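Input: a single structure, listed below in structure tokens.
The sequence lines fix the lettering, A, B, ..., with proteins before strands; numbering per chain opens at 1. Just so it is clear, the structure is predicted and the values come from calculations on it, not from any experiment.
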Protein chains: 2
Amino acid sequence: MSSSVQRKRIRKSPEARRAEIVATAARIALTEGLECVTLRRVAEELTVRPGLISHYFPSAEDLVAEAFSVAALGELDTLLPQERPDGTPAQYLARYFALSSGEAYDDISRLWINARHLSRYRPVLRDVVTRMELASDDRLEALILDGVARGEFRTDEARSAAIQILVVLDGLGAHANSDRTDRPAAVTRLALSTAERALALPHGTLDAPGATGTLPLDFSPTEAAEAAVPRAAAQAAEAAAAVSAQAAAPEAAASTAAAGA
Amino acid sequence: MSSSVQRKRIRKSPEARRAEIVATAARIALTEGLECVTLRRVAEELTVRPGLISHYFPSAEDLVAEAFSVAALGELDTLLPQERPDGTPAQYLARYFALSSGEAYDDISRLWINARHLSRYRPVLRDVVTRMELASDDRLEALILDGVARGEFRTDEARSAAIQILVVLDGLGAHANSDRTDRPAAVTRLALSTAERALALPHGTLDAPGATGTLPLDFSPTEAAEAAVPRAAAQAAEAAAAVSAQAAAPEAAASTAAAGA
DNA sequence: GATGCTATTGAGTGTGCGACCAATAAGCAA
DNA sequence: TTGCTTATTGGTCGCACACTCAATAGCATC
């Protein structure tokens, strides 16, 4: 009989296999870093041969970009959900800050630092990073506009307020890989105080606990990434369609749009 | 006669050769990125053999760390000089903000993103990054304390103010590799307004031009790095001496301290 | 049960990296 | 001038990577 390794090969549908590859790549990106998203590493994880991965992603750069896209989108959907049925905008904003200072958020910060650096060399990734930054801006702006409409927040420039908050969070997250013990309290609260000032809120309004009401306050970045695979696939297909519609080089987007082929 | 390539080998003093190597590595780090600081790349730049580089840096990781150290220290000395003979603290602070929003500053931001990411995998670099972060905190805190003593600034927590300002600058610099066109004015001014609030300054006090007095407002990151080589060598020797004094493994620091041997 | 499509494998190419080591020669000192 | 120290060379090894392509074998369809 044959040895226990090298099982019988399993032939899956392209859609299923591709989703599996992307989910695995996103998990590796989140836990080990984007440069660990290699054909060999992903293949090993799925116990297939590296050639199979490049069959679905002829250019490895596309896989890395999509891994980041999925991981970041999963995070965004958890931190700033599009639908907010369980509380007020102020509560969701307080929850966002509470989650953004937790341990689990370090994985996210690391991922963003990673992506921002790697995008220096990889144009495809750079585009995805830019798109995800805009998506974050949009999401937070929408939350703020909602709060303004309900009279919870007061600002004339919701988008500017959103970007200011995100810049501060980026600055705080920049140290996710280094030591940042004994930070002064004013530094830890910098994102909150920025929001309070930009949204004309009394000091302490957004501090957890209390401000979040009954909203759940825990999340797992890797689980969020798993859940984001189908959404990201749809988004990628959409973006690719937009590209091929406006540009004369549809094959450039083929590798990210192939999920629906 | 021999061909033009492969000139006669030149034997330099260890100190001179090492300084040359470090300066080259720092320049590569600043312009191309820390992962381009390889034995081969540095050797090629100096037209020597790669083996020579590993003769001075038995572990390549130490070279990368020192390249960052030199580049970052050169930048810091230019942006926030230790001696400030030509103006008031407020003027030097205004100059700092002016320089931090210029084009040349993108190279610095890129370098910091690079180092913060790479330090995830490289402990030696991580230590240097932490040390340079503390050095930045110290430098800005000292400037603020000077301003407080002269009655220009007002704060009870100079260090907290310094860190807040640096966090915001990190956040703004995080996008050095991506698009960040059409940022709202409030975002561009975020570092200034943070400083104004933390130091109890009237709005607009730190805006350039005008606030900087006659201080020079241009600098070249690569030139700053060149000039920092001897200072960084002294600093490295100091740090290494401290290490070997307190720990029982002096050979671990040998590669960075070898300059004085 | 036979057939055809294609998902999947297996093997091989070329590149760049750090690390290692013996041989060589530059330049200083006797 | 001679000799010695060691800075410098040249070559080699093993590893990990992306990419290419012909051969193989699931699995659905007829």
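The interatomic distance linking Arg11(B) (CZ) with dA7(D) (P) rounds to 6 Å, in whole Å. Per the geometry, CZ belonging to Arg122(B) stands 11 Å off C1' belonging to dC17(C), to the nearest Å. The CD atom of Glu20(B) sits 13 Å away from the C1' atom of dT8(D) (whole-angstrom rounding). Distance, Lys12(A) NZ to dT8(C) P: 8 Å, rounded to whole Å. Computed from coordinates, the Leu46(A) CG to dT9(C) C1' distance equals 15 Å when rounded to whole Å. Distance CD (Glu15(B)) to P (dT6(D)): 13 Å, rounded to an integer number of Å. Straight-line distance from the CD1 atom of Ile53(A) to the P atom of dC21(D): 19 Å, rounded to whole Å. At whole-Å resolution of the value, CG in Leu34(A) and P in dC17(D) are 15 Å apart.
The nucleotide whose nearest atom lies closest to any side-chain atom of Ala60(B) is, among dA19(C), dC27(D), dA7(C), dA19(C). Closest to the side chain of Lys8(B), out of dC19(D), dG27(C), dT9(C), is dG27(C).
Taking side-chain N and O atoms only, Tyr56(B) has a distance below 4.0 Å to OP1 or OP2 of dT8(D). Within the structure, a side-chain polar atom (N or O) of Arg49(B) is placed less than 4.0 Å from OP1 or OP2 of dG10(D). A close approach under 4.0 Å does occur between a side-chain nitrogen or oxygen of His55(A) and OP1 or OP2 of dA7(C).
With DNA chain C read from its 5' end, the first of the two nearest nucleotides for Gly51(B) and Gly51(A) is the one closest to Gly51(A). Position along DNA chain D of the nearest nucleotide to Ser13(B) versus Arg40(B) favours Ser13(B) as the more 5'-ward residue.
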- Query: Is there a salt bridge (charged side-chain N to carboxylate O under 4.0 Å, His left out) between Glu141(A) and Arg159(A) once you walk through the steps?
  - Reply: CA-CA 5 Å; Glu141(A) 181 189 16; Arg159(A) 191 169 189 83; 2.6 Å; yes

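With no hydrogens or angles considered, a side-chain donor-acceptor pair links Glu35(A) and His117(B) at under 3.5 Å.
Checked against the 6.0 Å centroid threshold, Trp112(A) and Phe68(A) count as a close aromatic pair.
If you check every strand for non-hydrogen atoms under 4.0 Å, Leu39(B) touches sugar and phosphate atoms only. Within the nucleic acid shown, Thr38(A) comes within 4.0 Å of sugar-phosphate atoms alone, with no base atom in reach, counting heavy atoms only.
The one candidate from Glu45(A), Glu20(A), Glu32(A) that meets the salt bridge (Lys or Arg N to Asp or Glu O under 4.0 Å) condition with Arg27(A) is Glu45(A).
Between Leu125(A) and Val129(A), some side-chain heavy-atom pair lies under the 4.5 Å cut-off.
The base of dA7(D) does not come close enough to the side chain of Arg17(B) for any donor and acceptor atom to sit less than 3.5 Å apart. Residue-to-nucleotide contacts include a donor-acceptor pair under 3.5 Å from the side chain of Arg9(A) to the base of dT8(C).
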